[in-house]
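Read through the structure below, which is laid out as structure tokens, and then see the notes.
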Amino acid sequence: MDEKTIEGWLRDGFSAAFPENDFSHVRALPATDAKFGDFQCNDALAAAKTLRQPPRKIAEAVFAKLLDNRPPFVEKLELAGPGFLNMTVSTAWLASRLRDISESPNLDIPQVGAGKKVVIDYSSPNAAKQMHIGHIRSTVIGNAIDRIYRALGYDVIADNHLGDWGTQFGILIKGYRECLTQEERDNLTVANLEKCYVLSSSRAKADEAWKNACREELVRLQQGDAEDVALWKRFIEISIAEFDRMYAKLGVKFDTYRGESYYNPLMPGVVDRLKKAGLAEPSEGALIVRFDAEKLPVAIVQKSDGGFNYTTSDIACVESRVKDYAPERIIYVTDDRQQLHFRQFFIICEKLGYTTKLVHVPFGLMSYGGKAISTREGNLIKLDDLLAEAVRRALKIVQKRTTTVDTPNPAADQATPAQISLAEQIGFGAVKYADLSHDPATAIDFDWDKALALEGNSGPYLQYAYARVCSLMEKAAVLDGGDGHRASATLPGDAQPPTTGYQLSTPIEKQLALQLLQFGPTVLRAAENYKPSVLADYLFQTAQMYSSFYQRSPILKSEPEVREARLALCALFGKVLAKGLSLLGIETPARI
Ligand code: ARG
């Protein structure tokens, strides 16, 4: 048995009592109430069905085995209610676990992904359009999942599945030729592409000849006409450069940008295989897949004009990813209106024999000021503008906090580069956290005041909590006889376990220690559920717990040993908070 884990001991206990069954999933959860001890295990209740025994009886059998083999660090084991196992651990063990965490380079985040590959398909905007507020969720949620999986040791391939193919390119090429000035064509921007698309598509609606011309351009492009292909390539390059400008602000990086066009040549092969497998059948000139058993509507895999569509392209994409990367799973982050599409092509892939785990993480739509975001509402805020506004608002907070007598009311244009950089960290962090603190599945309404609040569940609140730990460390270093320069080296990032040990002399310290121990398991749970909000909730709760510890416990004025132990606990909290926020893509400035 691993000396250090309660779970190892629990699993051994279950296996000793019921040798036939697998108990690798048995868990020690943090107790819901301190009066039940520190940890509880509910697995006797969960096992009742498989073992066909009353849970209390199972728990009794396990309890006896556990008592026989109780490690010294478990001070108390109790059997309660219908079959709960409650445990209290020793302070010395807790202190040694904290030491393990502070000495571990990844803060003891379980490396469950070592040797495993996962593809994460996120952001994936459509080319030739500017990113707007509607794109923020896929980008921010996808990137947090990406960072969390990497932290667990997975080899992640972040793939931006750009919408870079389809009928819109016929309309665009025609619009480019006819609706833009020479100057606009020479200095082509995504904004201009968007403009010529709008002009060209509205002309196509009113004018049959124009519509046909767009279709002809599309056919020329599909047939590989050199001029049209060159234009299309230019549109894509300009789009990616513009997307990358947004990603740089958001700290988002992709490993590949394989858009829909990449899979285009593979589609006839997909249709062949679907036919051979007896999955596709003709219907009114098109080729469809039925989902009678699953009670889902049919999916068209080849249109009557011979063209393929989104389903076909996504099947080709799975085949290609499996061949190139052999991933253990593929995770897709898109809005929840695409749920049917994902269910359909997942089923098809399974029937084609693909065993890779396919996961769709659907998110609810974001509204703004209580209104749905749509072109029709005229509130389609560009992502660029949203981020600029976030910085502008954060700058006000920064300037207020750093205002001097000389410049009592500084204007935004008087901001120093350092203030702007700080405002970016706070503003972008606020926008991300406002999204990530919600379960992805829920629809959210974006609200500036809530996002930027320094109190309450917000990004700036957590960043501020981190900055306060840094300032505490600086004060401690100065009191120890250091100077300003030395103090800056004393960030929580360098948290060292105290030489005298984490003493955890008060209940609130013990509670905070138990909470810090949950960091690794929480990161794992966030990954398993594809919910960065699980980690955001944890960080907020931990910060609140830290704040009540900090208010109730004298630190700098305590006796040297207690002071050292408490400072180390503060530093470890700072380290956990910074790491947790970094997994959400949020930076942690040392000063605010
Ligand atoms: N481009 C699509 C959109 O804007 C999202 C693509 C998601 N990924 C995928 N493999 N289907 O909605």
Is there a side-chain contact between [X] and [Y], using heavy atoms and a 4.5 Å cut-off?
X: Leu29; Y: Cys41; result: no
X: Tyr538; Y: Val576; result: yes
X: Ile330; Y: Ile120; result: no
X: Tyr332; Y: Gln338; result: no
X: Tyr530; Y: Val359; result: yes
X: Thr88; Y: Val74; result: no
X: Leu472; Y: Ile555; result: yes

Please check: side-chain N/O of [X] versus main-chain N/O of [Y], any donor-acceptor pairing under 3.5 Å?
X: Ser138; Y: His135; answer: no
X: Ser15; Y: Asp12; answer: no
X: Ser458; Y: Tyr461; answer: yes
X: Lys116; Y: Val112; answer: yes
X: Asn143; Y: Val252; answer: no
X: Gln40; Y: Phe84; answer: no
X: Thr522; Y: Leu535; answer: no
X: Asp33; Y: Phe36; answer: no
X: Ser123; Y: Thr139; answer: no
X: Arg56; Y: Pro82; answer: no

Any residue meeting side chain to side chain contact (heavy atoms under 4.5 Å, CB included) with Ser104, in chain and number order, not counting sequence neighbours: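 Partners of Ser104 under the side chain to side chain contact (heavy atoms under 4.5 Å, CB included) test: Asn106, Asp108.
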Other residues, nucleotides, ligands: >12 heavy atoms within 6.0 Å of [X] [atom1]:
X: Glu455; atom1: CD; result: no
X: Arg343; atom1: CZ; result: no
X: Glu103; atom1: CD; result: yes
X: Lys65; atom1: NZ; result: no

May I ask you to say whether [X] pairs ionically with [Y], meaning some side-chain N is under 4.0 Å from a carboxylate O?
X: Arg591; Y: Glu474; result: yes
X: Lys357; Y: Glu328; result: no
X: Asp121; Y: Arg321; result: yes
X: Asp155; Y: Arg150; result: no

Could you pull out all residues at least two apart from Ser24 that satisfy side chain to side chain donor-acceptor pair (under 3.5 Å)?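 If we apply the side chain to side chain donor-acceptor pair (under 3.5 Å) test to Ser24, skipping adjacent residues, the hits are Asp22.
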For Glu78 and Leu85, run side-chain contact (heavy atoms from CB on, under 4.5 Å): C-alpha distance rounded to whole Å, both residues' side-chain angles, the deciding distance at 0.1 Å, then the answer. CA-CA 6 Å; Glu78 278 174 334; Leu85 294 161; over 6 Å; no
Rounded to the nearest 0.5 Å, what's the gap from [atom1] on [X] to [atom2] on [Y]? Could you check?
X: Glu509; Y: Ser553; atom1: CD; atom2: OG; value: 5.5 Å
X: Phe14; Y: Glu7; atom1: CZ; atom2: CD; value: 11.5 Å
X: Tyr122; Y: Ile331; atom1: OH; atom2: CD1; value: 11.0 Å
X: Leu514; Y: Met545; atom1: CG; atom2: CE; value: 8.5 Å
X: Trp93; Y: Leu517; atom1: CH2; atom2: CG; value: 5.5 Å
X: Leu51; Y: Lys57; atom1: CG; atom2: NZ; value: 10.5 Å

Testing the basics here: between [X] and [Y], what is the closest heavy-atom pair and its distance to 0.1 Å?
X: Leu567; Y: Ala476; value: CD1-CB, 3.7 Å
X: Gln518; Y: Pro30; value: CD-CG, 3.6 Å
X: Ala571; Y: Met473; value: N-CE, 3.6 Å
X: Leu556; Y: Arg563; value: O-NE, 3.3 Å
X: Ala95; Y: Leu504; value: N-CD1, 3.9 Å
X: Ala158; Y: Asp146; value: CB-OD2, 3.3 Å

Test side-chain hydrogen bond (donor to acceptor under 3.5 Å, both in side chains) on Ser533 and Asp439; report intermediate values, then the result. CA-CA 5 Å; Ser533 55; Asp439 184 324; 5.0 Å; no
Tell me whether the guanidinium CZ or amine NZ of Arg147 lies under 6.0 angstrom from the six-membered ring centre of Tyr149 and within 45° of its axis.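 No, a cation-pi geometry is absent between Arg147 and Tyr149.
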Using ring centroids (six-membered ring only for Trp), state whether Phe345 and Tyr354 fall under 6.0 Å.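 No; Phe345 has its ring centre 6.0 Å or more from that of Tyr354.
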Can you check whether Phe573 and Tyr550 have ring centres sitting under 6.0 Å from each other?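 Between Tyr550 and Phe573, which both carry aromatic rings, the centre distance is not below 6.0 Å.
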Evaluate the side-chain hydrogen bond (donor to acceptor under 3.5 Å, both in side chains) criterion for residues Tyr247 and Asn160: first the C-alpha distance (whole Å), next the side-chain angles of each, then the deciding distance (0.1 Å), finally the verdict. CA-CA 11 Å; Tyr247 296 143; Asn160 195 331; 3.0 Å; yes
Carefully, step by step, assess Gln515 and Thr542 under the rule side-chain hydrogen bond (donor to acceptor under 3.5 Å, both in side chains). CA-CA 7 Å; Gln515 176 77 3; Thr542 312; 2.9 Å; yes
Review item, side-chain donor-acceptor pairs of residues 422-436, under 3.5 Å, at least two apart:
unit_1	atom_1	unit_2	atom_2	d
Lys432	NZ	Leu250	O	2.6
Lys432	NZ	Gly585	O	2.7
Tyr433	OH	Asn457	OD1	2.5
Tyr433	OH	Ala536	O	3.4
Asp435	OD1	Arg137	NE	3.0
Asp435	OD1	Arg137	NH2	3.1
Asp435	OD2	Arg137	NE	3.4

Between the side chains of Gln463 and Thr588, is a donor N or O closer than 3.5 angstrom to an acceptor N or O?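 No pair is found: no donor N or O on one side chain lies under 3.5 Å from an acceptor on the other.
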Scan side-chain atoms only and decide if Thr91 and Tyr502 contain a donor-acceptor pair under the 3.5 Å cut-off.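 There is no such pair (donor and acceptor under 3.5 Å, judged by atom type) between the side chains of Thr91 and Tyr502.
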On the 0 to 90° scale, with breaks at 30° and 60°, tag the Phe23-His25 ring pair as parallel, tilted or perpendicular.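 Correct class here is tilted.
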Is the ring pair Phe346/His360 parallel, tilted or perpendicular, if the boundaries are 30 and 60 degrees?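 Aromatic pair Phe346/His360 classed perpendicular.
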Do Tyr154 and Arg329 pass the side-chain hydrogen bond (donor to acceptor under 3.5 Å, both in side chains) test, and can you show the C-alpha distance, the side-chain angles, and the key distance before you say yes or no? CA-CA 11 Å; Tyr154 283 91; Arg329 69 184 95 176; 3.3 Å; yes
Full working for side-chain contact (heavy atoms from CB on, under 4.5 Å) between Leu524 and Glu528: CA-CA 6 Å; Leu524 181 59; Glu528 282 171 343; 3.9 Å; yes
